[in-house]
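Since the structure comes first, as structure tokens, the remarks are kept for the end.
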Amino acid sequence: MVFNSLTFGVFFMVVLGLYYLVPMSWWGRKFTLLLASYLFYAAWNPPFVLLLMGSTVIDWWVAARMAATTNVARRRALLLISLVFNLGVLAFFKYGGFLLDNFEHLVALFGVHYQPPAWSIVLPIGISFYTFLTLSYTIDVYYREMEPVDSLLDYAFFITFFPHLVAGPIIRAKTFLPQCVTPRRASAAQMGWGLTLMTIGLFENVCLADALMAPAADRVYDSAAKAGFFDAWLGTLAFSAQIFFDFAGYTTCAIGAALCLGFVLTDNFRFPYGAIGFSDFWRRWHMSLSSWLRDYLYVPLGGNRQGPRRTQVNLMLTMLLGGLWHGAAWRFVIWGGMHGTYLVVERWARANWGDLRAWRSRGMRPALALGTYALVCLTWVFFRATSLGDAGRITRAMLAGGADQHLLFRGDRAVVVLVTVLLVGSHFALRDTTLEDTWRRVPAWARPVLLASMILTVSLISGDERAFIYFQF
């Protein structure tokens, strides 16, 4: 059940009707939303609901036991139970095949011919996202940054709340659980803004990502061996727009759906292609993930508290593991390593040349933003390509040139260039604001016209439904 499907539209209207129109207690409303969330998740693969329930119960119990004891060794043992269970389940389902394949190649270097059994385990959708949710809860309780919640219902609702369940944003227990204490009802303004966000998100996903940008990216990356300089760049620019509209569109829908029910989720994107530098990029792109990696990986590793060299190592380790979180393939590790390298070099440059007036000049800032965007596009090659070989071919074409095979029609090229210019230009112009502030600046008479146009366009576009890109993670 995806947000851009008729099934979800019916599901969401039924949930809203039950939540607001059927008289029941606050406990009953939360329980209704919990059942709806399990139904939403079961629409993909019903047996995995049991895995989700198991993770929920274990971490709720672990957190309660940790809070009930002051014995340091016991608290550490309980935290270890949470870490081993959650990371073990994640490793089995997501990385089992990857580990077997690499073990096979490793032993082959020593002349051992080992043929592992075929790995046909289905990956539970959203497992990486809800694993980070539940781990942040037990870790926060361990460090006494929050008290455990007494209600299993509230904790299960926090983990499984359907808007964020399968692709984020990655919310924190200490910001969401307090919202479960008292009844939540969306005000008229919240309901209106929530529905507006869902409309914008669907338009981004269905029209801009799937219909406009995905075909050009697919055409180039499906023929990577034939791509020349312009084809490679245009295909990658198309994918950079596709993945932004796809993922930002999904989380915009998620935030809007939650707001319609009276719950506030954290923002996940803030005009990332207007970033100046890579630290700035990661403060704008998938912000809930970057802040999670910072708080639960980079800072525990030592952050920037142990000298420049250790800081560089911590940055690289964080981004390598962040890349591996995205997918069980070396392409994602390389993607994370490239971002880690960018961050290390940027930190070195700021330490040595950070006081240069040129960095702050009005003319230099757009150039720095364009340079940041271009280097980010190079990393997207490894994210989009289906193999390391194809990633290498596209990268060589982008950097070394090559004869174009005209994989894209002239009209496709024009569309990619136009959308890229508008996307990057608007992100740079709006980098110091938010989507809500931007919407408020739109004249009141134009807002319903824009929304009606988006709804009409979404309803008219037909074709195969694409899964959201981040569903694979």
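Both backbone and side-chain heavy atoms feed into the values below; hydrogens, waters and symmetry mates do not.
A 6.0 Å sphere centred on OH of Y142 holds more than 12 heavy atoms belonging to other residues, nucleotides or ligands. The environment of N45 atom CG is dense: over 12 non-hydrogen atoms of other residues, nucleotides or ligands sit within 6.0 angstrom. In this structure, R447 places its CZ atom where more than 12 heavy-atom neighbours from other residues, nucleotides or ligands lie under 6.0 Å away. Surrounding CD of Q306 are more than 12 heavy atoms belonging to other residues, nucleotides or ligands, all under 6.0 Å away. Heavy atoms from other residues, nucleotides or ligands lying under 6.0 Å from CZ of R309 number 12 at most.
Using a 4.5 Å heavy-atom cutoff, the side chains of L51 and F93 are in contact. Side-chain contact between N4 and D210 is present, with heavy atoms from C-beta onward closer than 4.5 Å. Considering only heavy atoms from C-beta on, L234 stays 4.5 Å or farther from V220 through its side chain. Side-chain contact between I159 and W60 is absent, with no heavy atoms from C-beta onward closer than 4.5 Å. Looking at C253 and N205, their side chains never come closer than 4.5 Å, going by heavy atoms from C-beta outward. Residues W439 and L450 have side chains in contact (heavy-atom distance under 4.5 Å, counting atoms from C-beta outward). Side chains of L324 and F332 form no contact here, defined as non-hydrogen atoms less than 4.5 Å apart. Contact check for L208 versus F244: no side-chain heavy atoms found under the 4.5 Å cut-off.
In this structure, a donor-acceptor pair under 3.5 Å is absent between the side chains of S426 and Y273.
Between F383 and F239, the two ring planes are tilted [angle within 30° to 60°].
A donor-acceptor pair is defined here as one N or O able to donate and one able to accept, closer than 3.5 Å; no such pair exists between the side chain of Q179 and the backbone of R184. Judged by distance alone, the side chain of H339 and the main-chain N or O of W335 form no donor-acceptor pair under 3.5 Å. Side-chain N or O atoms of S290 include one that pairs as donor or acceptor with a backbone N or O of M287 at under 3.5 Å. Panel note: side chain R347, backbone Q312; no donor-acceptor pair is recorded below 3.5 Å. Checked by atom type and distance alone, the side chain of D246 never pairs as donor or acceptor with a backbone atom of Q242 at under 3.5 Å. Judged by distance alone, with hydrogens and angles left aside, the side-chain atoms of T379 form a donor-acceptor pair with the main-chain N or O of V376 at under 3.5 Å. K30 contributes no side-chain N or O that, together with a main-chain N or O of D154, makes up a donor-acceptor pair within less than 3.5 Å. No donor-acceptor pair under 3.5 Å is formed between the side chain of R384 and the backbone N or O of A391.
The minimum heavy-atom distance between L237 and C377, with the atom names listed, is CD2-SG, 3.9 Å. Between I276 and T372 the shortest heavy-atom distance is C-OG1, 3.9 Å. Of all heavy-atom pairs between M198 and G256, the closest is CG-C, 3.8 Å. Minimum interatomic distance between T160 and S37 (heavy atoms only, all atoms of both residues): O-CB, 2.9 Å. Between V419 and A241, the closest heavy-atom pair is CG1-CB, 4.4 Å. Nearest heavy-atom pair, D59 versus Y155, reported as atom, atom and distance to 0.1 Å: CB-OH, 3.5 Å.
Every residue two or more places apart in sequence or in another chain that forms a side-chain hydrogen bond (donor to acceptor under 3.5 Å, both in side chains) with Y221 is listed here: T236. Take F263 and apply the ring-ring contact (aromatic ring centres under 6.0 Å, His included) test, not counting sequence neighbours, and it matches F157, F161, F176. The side-chain hydrogen bond (donor to acceptor under 3.5 Å, both in side chains) check on S279 picks up E346, with sequence neighbours excluded. With sequence neighbours excluded, no residue forms a side-chain hydrogen bond (donor to acceptor under 3.5 Å, both in side chains) with Y20.
Here S387 contributes atom OG and W330 contributes atom CH2; the two are 16.0 Å apart, rounded to the nearest 0.5 Å. A distance of 10.0 Å separates CH2 of W61 from CE of M66, quoted to the nearest 0.5 Å. To the nearest 0.5 angstrom, T134 atom OG1 is 10.0 Å from I139 atom CD1. Atom CE of residue M454 and atom CD of residue E204 lie 8.0 Å apart, to the nearest 0.5 angstrom. The line from CZ of F269 to NE2 of H427 is 9.5 Å long, rounded to the nearest 0.5 Å. To the nearest 0.5 Å, the span separating OH on Y373 from CZ on F281 amounts to 10.0 Å.
Identified under the side chain to side chain donor-acceptor pair (under 3.5 Å) test for residues 258-270, with sequence neighbours left out: D267-R270, N268-H286, N268-S288.
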Quick one: do I125 and Y130 satisfy side-chain contact (heavy atoms from CB on, under 4.5 Å)? Show the steps, please. CA-CA 10 Å; I125 192 167; Y130 73 70; over 6 Å; no
side-chain contact (heavy atoms from CB on, under 4.5 Å) between L78 and T138, intermediate numbers included: CA-CA 9 Å; L78 287 164; T138 53; over 6 Å; no
Please report the C-alpha distance between V141 and E147 in whole Å, then the side-chain angles of each, then the deciding distance to 0.1 Å, and finally whether the side-chain contact (heavy atoms from CB on, under 4.5 Å) criterion is met. CA-CA 6 Å; V141 171; E147 292 296 320; over 6 Å; no
Please walk me through it: do F85 and V62 pass side-chain contact (heavy atoms from CB on, under 4.5 Å)? CA-CA 11 Å; F85 176 79; V62 163; over 6 Å; no
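Between R172 and D140 there is no salt bridge, since no side-chain N of the basic residue sits under 4.0 Å from a carboxylate O of the acidic one.
Under the ring-ring contact (aromatic ring centres under 6.0 Å, His included) test applied with W325, the options Y95, W292, Y296, F129 reduce to a single match, F129.
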May I have the list of side-chain donor-acceptor pairs in residues 314-321 shorter than 3.5 Å, sequence neighbours left out?
unit_1 : atom_1 : unit_2 : atom_2 : d
N314   : OD1    : R310   : NE     : 3.1
N314   : ND2    : G303   : O      : 2.9
N314   : ND2    : R310   : O      : 3.2
T318   : OG1    : N314   : O      : 2.7

